[in-house]
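Note sheet for the following structure.
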Amino acid sequence: MTTTLIPPAPARAHRDPNVLRWLGAYTSSMLGDNVFYLALSWAAVRAGTPAQAGFVMAASALPRAVLMLGGGVIADRLGPRRVVIGSDAVRCAAVLAVAALLFLTHPGLWPLALLACVFGTVDAVFMPAVGALPARITGEDQLARVQGLRGLAIRAASVVGAPLGGLGVALGGAPAAFALAGALIALSLPLLLSVRVRDLPAGTGRDATAWADLKAGLRHVRRHRVLGPLMIAIALGDLGFVAPLNIGLTLLADHRGWGAAGMGWVLAGFGTGAGAASLLLAARGRLPRAGLVTGCACAAGSVAVGALGFVPGLAAAVGTALLVGLLTGLSGALCGALLQTQADPAFLGRVTAVAGLVSLGLTPLSMPVAAAATGAFGLGPVYAVSAGVCGLGGLLFLAVPALRRAELPG
């Protein structure tokens, strides 16, 4: 009698110790980021004028946007795990150095501006590497579930990070808050070192020079039947979504008389909805007809975004924001999962860099435009236009056959 041994099925992502170590490292690093930005804003406001503080807070945006595509090339050439570990080590050292400097003396704004520039520069490499790492730590059929887990980590870090940073400031001022941020980032390093990565299938993702690699990555996105239109859909969705949930919500809360507490409740509603969407994807692992579901969720979410500008009461606004978070959170998580599974693994760093540049490079431009348009036309029309732009992303999913028929493995 012959016995055939069947290898055990690989663990689902939320039960895989390797994925959970990565998740712990990512959560710790994101917590450190949230504490860092709160400490930076507090220290900048205390050291200079509001305008100078705004300059310090914006100092990281330019190097991050300019260097993002190059960061994707580095992530693909050196390997995302090595790049993430190196990036976190540099960020940790920089934050702890500034914490020590602020503890010993009062140097003014220049070390804060320098720290923001260093953070932005390192982020340009860190973010593409983070996007490319999941494909090396789990199977393709688990990437959607990992995307859901990553969304939960982001939500948890944003909820816990602000009060944690505030506690650091209350106990020891900006130096203590910076030291806490550095300690949280440092905690991610041993976890990352323990994460096992697998080799990717051989491919044509690397050329002789970095410039050739960059052109090959852009060509891969442009010619891919899913990735090309997916980037356009992501851009439209973010352009229509960011302004109403940032500057628009502040203006809405002021106009309706809800105050800061009311705005906090609306943001909590959005965060709850987005967290529920991430939890759904993490639990299920995949949704059938992912492209169609993404398009429908984005289109319905755009209607909810537009409705948010017209609701008169706070309770209705919180409920609408919860719906916005659920629908746009689901469509955003599915877009991320499709990006992970559709891209050639050898190009994932560069593909993630393009997606990051689309979001971080274009969407901030919508905020001053939205603020100026609100002053000229009022909140209602601005929310309606934003909803229309966001809805175009959903319609693109429904109109392009390759996007509409896109599926997640599993």
Closest approach of [X] and [Y], non-hydrogen atoms and distance?
X: Ser302; Y: Ala387; answer: O-CB, 3.0 Å
X: Gln342; Y: Ala406; answer: NE2-CB, 4.3 Å
X: Ala402; Y: Val226; answer: O-CG2, 3.7 Å
X: Ala210; Y: Arg77; answer: N-NH1, 3.8 Å
X: Leu249; Y: Val266; answer: CD1-CG1, 3.6 Å
X: Pro229; Y: Leu396; answer: O-CD2, 3.4 Å

Pairwise distance [atom1]([X]) to [atom2]([Y]) - rounded to 0.5 angstrom:
X: Leu143; Y: Leu348; atom1: CG; atom2: CG; answer: 8.0 Å
X: Trp42; Y: Phe178; atom1: CH2; atom2: CZ; answer: 12.5 Å
X: Phe347; Y: His224; atom1: CZ; atom2: NE2; answer: 10.5 Å
X: Ile232; Y: Leu403; atom1: CD1; atom2: CG; answer: 9.0 Å
X: Trp110; Y: Leu115; atom1: CH2; atom2: CG; answer: 10.5 Å
X: Leu96; Y: Phe103; atom1: CG; atom2: CZ; answer: 13.5 Å

For [Y], does its backbone N or O pair with a side-chain atom of [X] as donor and acceptor, under 3.5 Å?
X: Thr328; Y: Val324; result: yes
X: Arg145; Y: Ala282; result: yes
X: Arg64; Y: Ala124; result: no
X: Arg284; Y: Leu279; result: no
X: Arg136; Y: Arg81; result: no
X: Gln340; Y: Gly131; result: yes
X: Ser28; Y: Gly24; result: no
X: Arg350; Y: Val73; result: no
X: Arg198; Y: Thr138; result: yes
X: Asn18; Y: Arg196; result: yes

Look at the aromatic rings of Phe36 and Phe119 and report parallel, tilted or perpendicular, splitting at 30° and 60°.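 It falls in the parallel class, under 30°.
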
Taking only residues two or more places apart in sequence or in another chain, which ones pass salt bridge (Lys or Arg N to Asp or Glu O under 4.0 Å) with Asp88?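 Asp88 satisfies salt bridge (Lys or Arg N to Asp or Glu O under 4.0 Å) with Arg91 once adjacent residues are dropped.
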
[Y] and [X], any side-chain heavy atoms less than 4.5 Å apart:
X: Leu133; Y: Trp22; value: yes
X: Thr272; Y: Leu326; value: no
X: Asp76; Y: Asp213; value: no
X: Trp258; Y: Trp265; value: no
X: Val125; Y: Leu67; value: no

Count the heavy atoms of every other residue, nucleotide or ligand shown that sit under 6.0 Å from OH of Tyr37, and state whether that count exceeds 12.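 It does: Tyr37 OH has more than 12 such atoms within range.
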
Examine Phe377 together with Tyr383 and report whether their ring centres are nearer than 6.0 Å.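 Between Tyr383 and Phe377, which both carry aromatic rings, the centre distance is not below 6.0 Å.
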
Let me see the working for Leu230 and Cys335 under side-chain contact (heavy atoms from CB on, under 4.5 Å), right down to the final yes or no. CA-CA 8 Å; Leu230 178 59; Cys335 281; 3.9 Å; yes

